[in-house]
Participant: 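Got a structure for you, questions after.
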There are 2 protein chains.
Amino acid sequence: MVNESEKLIRSTQLLRSFWSIQKNIVRFVQKTAVENGLSVPQYTVLMTIILQKEMTQKQVGEQTFLPKSTLSQAVDGLVRLGLLNRQQLESNRREMQLSITEKGEAFLKKMHLQDGGIHHLFQSAMEPLTDKQYEDLLESHLILSTYLESQAREGM
Amino acid sequence: MVNESEKLIRSTQLLRSFWSIQKNIVRFVQKTAVENGLSVPQYTVLMTIILQKEMTQKQVGEQTFLPKSTLSQAVDGLVRLGLLNRQQLESNRREMQLSITEKGEAFLKKMHLQDGGIHHLFQSAMEPLTDKQYEDLLESHLILSTYLESQAREGM
DNA sequence: TTCAAACTGTTCAAAAGTGAACTGTTTAAA
DNA sequence: TTTAAACAGTTCACTTTTGAACAGTTTGAA
C-alpha cells in the first residue's frame, strides 16, 4: 500500500528523473538549433510539422504549447528562410496552412544525421537498453503524457 | 538485428516521447514558478540546492547547465528574496557557498503541496503505473541520463 | 617572490521570448 | 441582413535570458 507521503516522494523522484534527462535534451537541442541558425521554438515547429507534412498554425500551437506570439515569430522566420510554406486556408481565412518545403525537409534530414547532434547522441545513449526496456519505456511515457495532455487542455 | 536506419527511427521516437512529456513538465513548472513569483531558473536552482542543503554556485551550474550569467542573476534574486544564503567560501574566495534558508525550505514545501502544482499533477499522472513500471522507468532513465551526463561534460 | 594563465562569479548590452492590444475573419443570435 | 462575440494570427513594448567583457582570486612555472 502506498500512502500520501510515499506518493509525494515518488512523484518528486520521477520528476527529478525526467528533469535530469530533459536538461540534457534541451541543451543539445539548443546546440543543434543554434548551429543551424534556428531558435529552439523554430526547431520545435519544424519537428512538429514534419510528422504530418501539413498543419495549421493553430494545430502546431496546440501540440507545442508555444505562446502564439512566439509561434507567429518562429513561423515567420522559417518562412523567410524558405523552410516553410505559409498560406491562408481557403476554407477559413483566419487560419494559416503550414507545410514544410523541400528545402526544409532536406535541412532537417541533414540536421538529424549530423554527428554530435541530438539524434546521434540519443542513439548512443539508448544502446544499453534492451528491446523490452525500450518498449516499456515508450509505453510508460505514453501513459504519463496522455494524462498530462488531458490536463493541459484545462488551464487554457 | 537492428540496423542503422532502424536506430535512427528509434532514437527519434524516444526523443519525441520525452518531448511530449517534457513540454508538459516545463509548462507546469513555469506556471508553478510564476505563481510563486519565481523565474524558471530560480525554481531550478532551489530544487537543486534542496537536495544537499549546501552547494557552491559552481556545482549548481554543473548540475543544471544554466549559463553562468543566468545563474548569477537567479541566485541574486533568491538571495534578495531571503530564500538563499550566499557567502564566499573561505577556502577559495572565488567561489560562492549557497545554502537554503528556513524561509526557502518552507517556501518550497508549500509549493510542492500546492493543489494544481506540478507535483500534484504528476502524482495523478503516475496513478496508472504499476510498481514494476515505475521502477523500470526510473532504471531506464538512469541508464540514459548517465550516458548523457558523461557526454555533456565534453562540450564545455 | 612574480606574473601569466586559469578560474569563479558579476555586469551589461544584445537577443530571445511573451502578454496584451490589435486586425481581419467567421459565427450565430437577433 | 446586422452586429456582437469568438477566433486565428500579428505586432510591439516589455521582460527574461544570455554571450562576452570584466574584476577579483588562485595556481604554478620561472
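Order of the sequence lines fixes the chain letters, A, B, ..., with proteins taken first and strands second; residue numbering starts at 1 for each chain.
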Participant: Under 6.0 Å from the ring centre and within 45 degrees of the ring axis: does the NZ or CZ of A:Lys110 meet both conditions for the six-membered ring of A:Phe107?
Facilitator: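 Ring-cation test returns yes.
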Participant: Answer yes when B:Asp131 and A:Arg10 have at least one side-chain N-carboxylate O distance shorter than 4.0 Å, and no when they do not.
Facilitator: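 Yes, B:Asp131 and A:Arg10 are salt-bridged.
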Participant: Want to settle it: does A:Ser39 or B:Arg86 sit nearer the 5' end of DNA chain C, counting the closest nucleotide to each?
Facilitator: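 Taking each residue's closest nucleotide, the earlier one in sequence belongs to B:Arg86.
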Participant: Encode nucleotides 18-28 of chain D as B, S and - characters from 5' to 3', where the letter depends on protein heavy atoms closer than 4.0 Å: B to the base, S only to sugar-phosphate, - to neither.
Facilitator: BBB---BBS--
Participant: I need the CG-P distance between B:Asp76 and C:dT8, as an integer number of Å.
Facilitator: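 Checked: the CG to P distance equals 20 Å.
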Participant: For the rings on B:His141 and B:Phe18, is their centre-to-centre separation under 6.0 Å?
Facilitator: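 Yes, they do, as the ring centres are separated by less than 6.0 Å.
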Participant: Are B:Leu138 and A:Trp19 connected in a single hydrophobic cluster, I mean Ile/Leu/Val/Met/Phe/Trp/Tyr linked by side-chain heavy atoms less than 4.5 Å apart?
Facilitator: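 Result: yes, single cluster for both.
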Participant: C:dT23 P sits how many Å from A:Gln57 CD, rounded?
Facilitator: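 Checked: the CD to P distance equals 19 Å.
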Participant: Below 4.5 Å, heavy atoms only, C-beta onward: do A:Arg94 and A:Lys58 meet side chain to side chain?
Facilitator: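 Counting from C-beta outward, A:Arg94 and A:Lys58 never come under 4.5 Å.
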Participant: Distance check needed: D:dC7 P versus A:Glu62 CD, whole Å only.
Facilitator: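 Rounded to the whole Å, the gap is 12 Å.
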Participant: May I ask whether A:Val29 and B:Tyr147 are part of the same hydrophobic cluster, defined by side-chain heavy atoms of I, L, V, M, F, W, Y residues being less than 4.5 angstrom apart, directly or through others?
Facilitator: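 Yes.
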Participant: In whole angstroms, how far is the C1' atom of D:dG9 from the CD atom of A:Gln97?
Facilitator: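 After rounding, the gap between these two atoms is 14 Å.
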